[in-house]
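Below is one structure, written out as structure tokens, with a few remarks after it.
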Amino acid sequence: MYIVFEGIDGAGKSTQIRLLKEWLEANGFRVETLVEPTDSEVGKLIRKILQRPDATTDRIQKTLGLLFAADRMLIMDKLSDEKKVIISDRSFISSLAYQEPASWIREINKYAKVPDLVLLLDLDVKTSVNRSNQEDEFENEEFLTNVKVNYLEIIKDFNHKIIDANGGINKVSSDIKKAVAPYMGICPDCIR
Ligand code: ADP
Ligand code: MG
């Protein structure tokens, strides 16, 4: 099973992936987690470019679109382990939400693995800006509002669940477990 977490910065992806991993492991599953950008050579380059003051410009966004597609190709083999639950922090769906045009992003990502389940952590943009500890160009309300709107549209093409990420960590975690439980043969009503 390949589960993807999506959502703007500060939505709680890292926090919730850690909690979901612990819970699945406690239920006897083997879990592997991944983060995009990865720690590959391309991923390192992406992290560097993300820090540029012009990172939100069209030219750099298109550069990032290409690099993210390449970074994904490099780790493709890790996504198909039959014995493990793979949980990824972001996927090509992030590229569709952040970069454009969509037809081009889809084309350069056409070999990327389609997630079995996408959990979209939906957070208010203002809360995102307050929670985020990164000081980069993406902490911009207008930019993030656009990404959020894109996400809600794109997500319809995938097997997904929208999770309200505005609540406390435990409430969000419990909603995520309830969404994942049916795929794991765990009773959703047994979750607090
Ligand atoms: P992401 O990986 O999506 O950027 P993080 O999990 O890193 O988000 O969370 C960003 C910050 O917000 C962290 O400081 C984290 O502790 C905090 N946080 C995460 N979830 C919640 C929540 N439900 N309520 C309040 N703060 C949260
Ligand atoms: Mg994170």
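Counting starts at 1 for both ligands and their atoms, following the listed order.
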*State plainly whether the residues E107 and K110 are in salt-bridge range, i.e. N to O under 4.0 Å.*
yes
*Which ligand 1 atoms are under 4.0 Å away from a heavy-atom of D9?*
4 (O)
*Counting N and O atoms only, with roles assigned by atom type, does the side chain of N109 sit under 3.5 Å from a partner on the main chain of A112, one being a donor and the other an acceptor?*
no
*Kindly indicate, with the supporting measurements, whether the criterion ring-ring contact (aromatic ring centres under 6.0 Å, His included) is fulfilled by F92 and F158.*
CA-CA 12 Å; F92 70 97; F158 303 93; 5.7 Å; yes
*Presence of salt bridge, D122 and K148, under 4.0 angstrom*: yes
*Does an N or O anywhere in I169 fall below 3.5 Å from an N or O of ligand 1?*
yes
_Please report whether ligand 1 has a polar contact with S14, defined as an N or O pair separated by less than 3.5 Å (distance criterion only)._
yes
*Ligand-residue contact atoms, ligand 1 with K13, heavy atoms, under 4.0 Å*: 1 (P), 2 (O), 3 (O), 4 (O), 6 (O), 8 (O)
*Mind jotting down which residue pairs meet the salt bridge (charged side-chain N to carboxylate O under 4.0 Å, His left out) criterion with at least one end in residues 174-185? Sequence neighbours excluded, please.*
K171-D175
*Would you call D77-K113 a salt bridge at under 4.0 Å N-O?*
no
*Could you tell me how the ring of Y151 sits relative to the ring of Y98: parallel (under 30°), tilted (30 to 60°) or perpendicular (over 60°)?*
perpendicular
_For the Mg ion (ligand 2), every protein N/O/S atom that sits closer than 2.8 Å, waters excluded_ = S14 OG
*If you measure from the Lys or Arg side-chain nitrogens to the Asp or Glu carboxylate oxygens, is any gap between K126 and D124 under 4.0 Å?*
no
*Look only at interatomic distance and state if A165 has a nitrogen or oxygen under 3.5 Å from any nitrogen or oxygen of ligand 1.*
no
_I'd like to know whether ligand 1 has G10 as a neighbour, heavy-atom separation below 4.0 Å._
yes
_Close-contact set for ligand 1 against A11 heavy atoms, below 4.0 Å_ = 3 (O), 8 (O)
_Could you check whether E36 pairs with R72 (Lys NZ or Arg NE/NH1/NH2 to Asp/Glu carboxylate O, under 4.0 Å)?_
yes
*Nearest heavy atom to atom 19 (C) of ligand 1: which of T15, V172, L123 does it belong to?*
T15
*Do NZ/NE/NH1/NH2 and the carboxylate oxygens of R30 and D81 come within less than 4.0 Å?*
no
*Does Q16 reach ligand 1 with a nitrogen or oxygen that is under 3.5 Å from one of the ligand's nitrogen or oxygen atoms?*
no
_Among G167, G7, G12, which one puts a heavy atom closest to atom 23 (N) of ligand 1?_
G167
*Show your reasoning for whether salt bridge (Lys or Arg N to Asp or Glu O under 4.0 Å) applies to D157 and R106.*
CA-CA 12 Å; D157 289 348; R106 281 189 195 268; 2.8 Å; yes
